[in-house]
Amino acid sequence: MELGATVLREGGVQFRVWAPKSTAVNVLILSGKAAGTVPMQPEGKGYHSVTVPGVIDGDRYLFQLESGKTYPDPVSRYQPDGVHESSQVVDPGLFHWTEEGWQGISLVDYRIYEIHVGTFTREGTFEAAIEHLEYLVELGVTAVELMPVSQCPGTRNWGYDGAYHFAPQHSYGGPDGLRRLVQACHRKGLAILLDVVYNHFGPEGCYLDEFGHYFTDKYRTPWGRAVNLDGAESDPVLEYFLVNAGYWINEFHFDGLRLDAVDWIFDQTPKPLLRRLADEVHAHRERLGRKIHLFAENDTNDVRLINSPDKCGFGLDAQWCDNFHHALRALLTGETTGYYEDFGQFAQLQKAFSEAFVYTGEYSRYRRRRHGGPTERHPGFQFVVFSQNHDQVGNRKCGDRLSATLPLNQLLLAASAVILSPYLPLLFMGEEYGERAPFHYFIDHGDLELAEQVFKGKLEEHPSGVCEGEIPDPSAEDTFLESKTSVGTVKEGEQAVILAFYRKLFSLRSSLPALQVFQRDGMEVSGLPEQKVLFFRRWMETNAVVCLFSFSNIQQDVPLPLPGGIWERVLDSSALEWRGPGEETPERIEAGEGGSRGMVRINPFSVVVYSAKL
């Protein structure tokens, strides 16, 4: 399946579109030397194509169906004037890549920083984000993850309302702006991932119904009709998404894709879309000789996503683990509304550390049924964990971050639990210094009735969060502007402390070999439920690390089980430099051959880390 407008090296452009609902299709060239109406020739199976000489990069065009109505290209590479206007021809060969030698990074090395391009900087563009990449390198992250950038209505949106999955958002800087950001990441040694939405299309500006059989009433999603992946005429729809995955990898050099809410992708065929996507992405990985990975977001606790095909799995590389977040947040905040109804017990966080999923078949009060399945001892690098992300902040009533309610010691504890965990850590932009600005849900729909429906839906959807006064209107520009981070400013006071602590955590993760162990047989998790203290030990041939996490609000003496060796304290979040009351734990512990279970005093809501050479 060729993209809608493909520039031919010998001159001109081939236009191709799948439009089985029209027997006759024209392409209208709106600018340039070839301006005019050109009939397209049917190829069979609903495809129409034509090669038009004289069309070049930058020319505008529309498709005209037999009804006489004109529409943008369903696979447009660029919509410079938004979702309702003409498409623009893009020649990807004109961009000069200067990232020679980049091969990506291994999955075990991923430390992800999630950003929303529009609110990450004051300017809200791809170009502006480039200025802060060195800051991210110094922080210690190794990968940037962009929230969806497919063309949405207006100029501000989370990205999940994308109507043109091949067209980078015009208000962010379009295709070349995105390419420059990807290139800049690679030149800094950063991998870059793209969040893609294959479970639905945005409600405004989506004209796919006029062209072909893209949707089905067989299933329903929270966003309306499901995508037709297993019904009649579904092969070209399936191909649309497979080509899209390859498009981002080949034309934009992304190092991986994050698939949004895969539990809302319905495909009952023997080889469903998720399996085909894994095969497609891995084929590009082999062909290009680059480390390219496929991540899935879902909350069903289904390990089949990352099981290999020979185990009846889909073969994806990693998946998000919401259970870890819920267990951590509920324990820290005491929240019990919504899905937090199922969480809040210390033992659940202990299970999250040892098994990733908390619900592995147990009854869920929130869902009122059994939920989840075992992780089957998959290594930790196949799970992405976090204490905050765009959903867990932005879907709250007023977009309040943890820094809006938690004191400093608990913020440091939350950071430690994520970054020192045996999983892949993900940070949400601004978290690393305790950003005080909220992150709201915002839209910019031209359809006022649709905008009103979205507002009403948000009022009813999420009971969680702290909100004084009325819930912000998603359509208001101020709601968007309030969500801008202050990432480019000098941090002082408590924010400077938080930032330094995050850097320290990433430094430990990089320098201590035991913190790079992800296999279950190289770690041990135990705890004292009544005292709410979690013990976590990891080891390898040359190094061992023990972490003590106290989720108690009182100072207490606890036994510290240590194998034989000389243990040096490398971190205590209650130290004066972190604005704590001062360390109570010893700097050095010598444990005999039989080990030690001596008592140590640990401060409230703190983490202590010991390391030993083996």
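Just the heavy atoms: all of them, side chains too, but no hydrogens, waters or symmetry mates, feed the values below. The chain is numbered in sequence order, starting from 1.
- With hydrogens and angles disregarded, a donor-acceptor distance shorter than 3.5 Å links the side chain of Thr142 to the backbone of Asp109.
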What verdict does the ring-ring contact (aromatic ring centres under 6.0 Å, His included) test give for Tyr247 and Tyr240, after you've listed the backbone C-alpha separation in whole Å, the side-chain angles of each residue and the deciding distance to 0.1 Å? CA-CA 10 Å; Tyr247 169 75; Tyr240 174 99; over 10 Å; no
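- Under the 4.0 Å criterion applied to side-chain N and carboxylate O atoms, Arg396 and Asp391 are not assigned as salt-bridge partners.
- With hydrogens and angles ignored, the 3.5 Å screen pairs no side-chain donor or acceptor of Gln79 with any backbone N or O of Asp81.
- The aromatic rings of Tyr71 and Tyr207 lie tilted to each other, with the angle between the two planes from 30° to 60°.
- Between the CG atom in Asn228 and the CZ atom in Phe266 there is a gap of 13.0 Å [rounded to 0.5 Å].
- The distance from atom CZ of Phe254 to atom CD of Glu145, rounded to the nearest 0.5 Å, is 10.5 Å.
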ring-ring contact (aromatic ring centres under 6.0 Å, His included) between Phe15 and Tyr61, worked out: CA-CA 10 Å; Phe15 295 89; Tyr61 66 100; 4.9 Å; yes
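- To the nearest 0.5 Å, atoms CG (Asp322) and OG1 (Thr300) are separated by 10.0 Å.
- To the nearest 0.5 Å, atom CD1 of residue Ile192 and atom CD1 of residue Ile105 are 11.5 Å apart.
- One finds no salt bridge joining Glu114 and Arg258 here, because no Lys/Arg side-chain nitrogen approaches an Asp/Glu carboxylate oxygen to under 4.0 Å.
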Verdict with reasoning, Ser483 to Phe442, per side chain to side chain contact (heavy atoms under 4.5 Å, CB included): CA-CA 9 Å; Ser483 302; Phe442 44 81; 4.0 Å; yes
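- With respect to the salt-bridge test (charged N to carboxylate O, under 4.0 angstrom), the residues Glu210 and Lys21 do not qualify.
- Shown here for Tyr110 and Ala191, the closest heavy-atom pair between the two residues is OH-CB, 3.6 Å.
- The number of heavy-atom neighbours closer than 6.0 Å to NZ of Lys33, taken from other residues, nucleotides and ligands shown, is 12 or below.
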Check against side chain to side chain donor-acceptor pair (under 3.5 Å), Glu204 and His84: CA-CA 9 Å; Glu204 182 181 350; His84 301 294; 3.1 Å; yes
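- Remark: side-chain polar atoms of Ser234 are paired, donor with acceptor, to backbone N or O of Gly231 under 3.5 angstrom.
- Across all non-hydrogen atoms, the minimal contact from Val487 to Glu432 is CG2-OE2, 4.3 Å.
- With a 6.0 Å radius and a threshold of 12 heavy atoms from other residues, nucleotides or ligands, Arg304 has its CZ atom at or below the threshold.
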Begin with the C-alpha distance, continue with both residues' side-chain angles, and end with the deciding distance and a verdict on ring-ring contact (aromatic ring centres under 6.0 Å, His included) for Tyr160 and His390. CA-CA 12 Å; Tyr160 299 95; His390 71 274; 5.3 Å; yes
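- Between Ala19 and Leu65 the shortest heavy-atom distance is CB-CD2, 4.5 Å.
- Between Asp317 and Arg285 there is a salt bridge, with a side-chain nitrogen of the basic residue lying less than 4.0 Å from a carboxylate oxygen of the acidic one.
- A donor-acceptor contact shorter than 3.5 Å is absent between the side chain of His445 and the backbone of Asp447.
- When only modelled atom types and interatomic distance are considered, Gln64 and Thr70 share no side-chain donor-acceptor pair under 3.5 Å.
- No salt bridge links Glu431 with Arg401; every basic N to acidic carboxylate O contact stays at or beyond 4.0 Å.
- Using a cut-off of 4.0 Å between Lys/Arg side-chain N and Asp/Glu carboxylate O, Glu43 and Arg16 are scored as salt-bridged.
- Put simply, the side chain of Thr221 gets close to the backbone of Trp223: a donor and an acceptor are under 3.5 Å apart.
- With 3.5 Å as the limit, one finds no donor-acceptor pair spanning the side chains of Gln14 and Ser49.
- Note: Cys206 SG to Phe211 CZ = 10.0 Å, rounded to the nearest 0.5 Å.
- A donor-acceptor distance shorter than 3.5 angstrom exists from the side chain of Asn199 to the backbone of Asp260, with no hydrogens or angles considered.
- Taking all atoms of both residues into account, the shortest heavy-atom contact from Trp158 to Asn395 is CH2-OD1, 3.7 Å.
- Between Leu133 and Leu190 the shortest side-chain heavy-atom distance falls below 4.5 Å.
- With a 6.0 Å cutoff to the six-membered ring centre and a 45° limit on the axis angle, Arg179 counts as a cation-pi contact of Phe252.
- Remark: side-chain polar atoms of Asp444 are paired, donor with acceptor, to backbone N or O of Thr155 under 3.5 angstrom.
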Quick one, Asp57 with Arg77, criterion salt bridge (Lys or Arg N to Asp or Glu O under 4.0 Å). Give me CA distance, side-chain angles, the key distance, then yes/no. CA-CA 11 Å; Asp57 179 89; Arg77 279 186 172 94; over 6 Å; no
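- Electrostatic pairing of Asp235 and Lys45 does not count as a salt bridge here, judged by no charged N lying under 4.0 Å from a carboxylate O.
- Formation of a donor-acceptor pair under 3.5 Å by the Gln183 side chain with backbone atoms of Thr98 is found in this model.
- The distance between the ring centers of His170 and Tyr164 does not fall below 6.0 angstrom.
- Side-chain contact, Glu99 with His186: a donor N or O sits under 3.5 Å from an acceptor N or O.
- Two rings, from Phe201 and His165, have their centers less than 6.0 Å apart.
- Judged purely by atom type and a 3.5 angstrom limit, Ser31 uses its side chain to pair as donor or acceptor with the backbone of Arg60.
- Scanning both residues, Ala34 and Pro53, for their nearest heavy atoms gives CB-O, 3.5 Å.
- For Lys311, the NZ atom counts as loosely surrounded, since its 6.0 Å shell holds 12 or fewer non-hydrogen atoms of other residues, nucleotides or ligands.
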Start with the C-alpha distance between Tyr339 and Asp299, add both sets of side-chain angles, then the distance that settles side chain to side chain donor-acceptor pair (under 3.5 Å), and finish with yes or no. CA-CA 11 Å; Tyr339 41 68; Asp299 68 351; over 6 Å; no
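- Separating the CZ atom in Phe241 from the CG atom in Leu238 is a distance of 9.0 Å, to the nearest 0.5 Å.
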As a quick check of understanding, evaluate side chain to side chain contact (heavy atoms under 4.5 Å, CB included) for Val13 and Thr6, giving each step before the final call. CA-CA 5 Å; Val13 170; Thr6 303; 5.7 Å; no
Lys218 vs Asp230, test: side chain to side chain contact (heavy atoms under 4.5 Å, CB included). Steps then yes/no. CA-CA 10 Å; Lys218 183 178 178 181; Asp230 60 5; 3.7 Å; yes
Report the C-alpha distance between His132 and Phe120 in whole Å, list the side-chain angles of each, state the deciding distance to 0.1 Å, and finish with yes or no for ring-ring contact (aromatic ring centres under 6.0 Å, His included). CA-CA 10 Å; His132 303 287; Phe120 180 54; 5.7 Å; yes
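- Residues Phe126 and Leu178 come closest through the heavy atom pair CD1-N, 3.3 Å.
- Counting only distance, with no hydrogens or angles, the side chain of Thr479 and the backbone of Ser475 share no donor-acceptor pair below 3.5 Å.
- If you look at Trp320 and Phe386, their ring centroids are closer than 6.0 Å.
- Looking at Tyr78 and Asp176, their side chains never bring a donor and an acceptor atom within 3.5 Å of each other.
- Between Phe428 and Phe439, the ring centre distance stays below 6.0 Å.
- Salt bridge present: Asp279 and Lys271 bring a charged side-chain N and a carboxylate O closer than 4.0 Å.
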